[in-house]
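Here the structure comes first, spelled out in structure tokens, and everything after it is commentary.
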Amino acid sequence: MSASSDSQASAFSAAELEFLAEDEIIEIVPNMRMDPLNFVSGDFGPFRPQIATQVPLWLAVALKKRGKCMIRPPEWMAVEKLTQVLEAERDSEKFQPLPFHYVEISRLLFDHAREDIPDVYMVRSLIEDIKDVRFHKIGTGLEIISKERTYALRLKNLSAMEANIVRPFVTSALETFYKLSSPEMIQESDHLSNRQPQVTNRGPRRQLKDR
């Protein structure tokens, strides 16, 4: 299998990233009474009406679908917080710290608990703007490494989706740079450049007689 196909195989699908994000912990406010729930990942509850508790996102969505709770959006999804992040992203070349699965978490909440999100349209717009600015930074970074030889690359504060997009290209590019800079490749290149064209000796030339 080629390096490019290996890199593509290592990338996650959007559904797989969403599945991983569902283990993130989030706060809910139940409207029912229920004993603790026991799962392999841990015990959650007990659940009491109007008393906030923390559960995995997948459980919060399941209870929300059954009308058993309200989901409290995480603090980073507040309009004020997102506005600060967006301004910082625009003013700096660095990526601002956000939850690793901020894209997947926000998408799940928009799909299943939009009525629980204050200023939901503004929140959605700000998150889309943040994604656009960060994608532009990623594109600029990839353009730079495509023009320069490098053996390592550090991208701090990338989210799961952003890292998933970057990984195949960066892996393939670094592998190519490494191969081109290997001693064997350099020696072969020097050998080819030092080779002189050989002139075939065809013996003495016959002189033509004047007519």
Side-chain angles (χ1 to χ4, degrees), residues 9-90 92 94-135 137-138 155-167:
S10 66
F12 293 96
S13 67
E16 289 171 331
L17 289 177
E18 190 170 288
F19 175 79
L20 295 173
E22 289 178 343
D23 283 332
E24 296 291 324
I25 299 298
I26 199 165
E27 194 170 81
I28 65 170
V29 179
N31 56 20
M32 47 65 179
R33 183 179 297 272
M34 188 167 59
D35 293 334
L37 299 175
N38 309 114
F39 301 102
V40 174
S41 57
D43 301 332
F44 303 99
F47 301 93
R48 300 292 181 263
Q50 304 308 312
I51 298 179
T53 187
Q54 292 186 331
V55 298
L57 183 53
W58 64 265
L59 180 56
V61 170
L63 293 173
K64 178 66 178 179
K65 287 180 177 180
R66 291 164 175 78
K68 302 295 184 182
C69 74
M70 181 194 77
I71 297 178
R72 283 185 177 175
E75 292 183 1
W76 61 266
M77 284 187 68
V79 170
E80 182 180 357
K81 294 285 187 181
L82 292 173
T83 301
Q84 293 174 356
V85 171
L86 178 58
E87 291 175 354
E89 290 285 0
R90 287 172 171 169
S92 173
K94 297 181 180 179
F95 294 91
Q96 301 305 305
L98 282 168
F100 188 56
H101 288 288
Y102 84 93
V103 175
E104 293 80 20
I105 292 172
S106 60
R107 183 187 298 128
L108 284 166
L109 295 182
F110 290 145
D111 289 345
H112 302 290
R114 57 186 299 117
E115 64 276 7
D116 295 339
I117 304 174
D119 302 313
V120 61
Y121 295 107
M122 179 62 71
V123 170
R124 185 193 292 269
S125 178
L126 286 168
I127 290 178
E128 289 299 320
D129 289 344
I130 290 170
K131 284 168 54 181
D132 290 342
V133 174
R134 290 168 70 96
F135 282 167
K137 291 181 182 180
I138 291 172
L155 296 173
K156 189 177 180 181
N157 293 329
L158 283 186
S159 71
M161 184 190 67
E162 293 157 354
N164 196 54
I165 292 173
V166 170
R167 185 185 297 112

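No hydrogens, no waters, no symmetry mates; every other heavy atom, side chains included, goes into these values. Every value quoted in this text rests on a predicted model; they were computed, and no experiment measured them.
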So which heavy atom on [X] is nearest to which on [Y], and how close?
X	Y	value
Ile26	Pro74	CD1-CD, 4.0 Å
Pro99	Ser159	O-CB, 4.4 Å
Leu82	Met77	CD1-O, 3.7 Å
Leu17	Ala160	CD2-CB, 4.1 Å
Phe95	Lys156	CB-O, 3.4 Å

For Glu89, all residues meeting salt bridge (charged side-chain N to carboxylate O under 4.0 Å, His left out), sequence neighbours excluded: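 By the salt bridge (charged side-chain N to carboxylate O under 4.0 Å, His left out) rule, Glu89 matches Arg134, Lys137.
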N-O pairing of Glu128 and Lys131 below 4.0 Å: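 Between Lys131 and Glu128 there is a salt bridge, with a charged N closer than 4.0 Å to a carboxylate O.
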How far does [atom1] of [X] sit from [atom2] of [Y], to the nearest 0.5 angstrom?
X	Y	atom1	atom2	answer
Glu162	Tyr102	CD	OH	4.0 Å
Lys68	Arg33	NZ	CZ	13.5 Å
Ile105	Glu22	CD1	CD	10.5 Å
Arg90	Gln96	CZ	CD	12.5 Å
Thr83	Ile130	OG1	CD1	8.0 Å
Leu126	Met122	CG	CE	6.0 Å

Identify all side-chain donor-acceptor contacts of residues 46-66 below 3.5 Å with residues at least two apart in sequence or on another chain.
from  : atom 1 : to     : atom 2 : distance (Å)
Arg48 : NH1    : Met34  : O      : 3.2
Lys64 : NZ     : Glu115 : OE2    : 3.0
Lys64 : NZ     : Asp116 : OD1    : 3.3
Lys64 : NZ     : Asp116 : OD2    : 2.9
Arg66 : NH1    : Ala62  : O      : 3.0

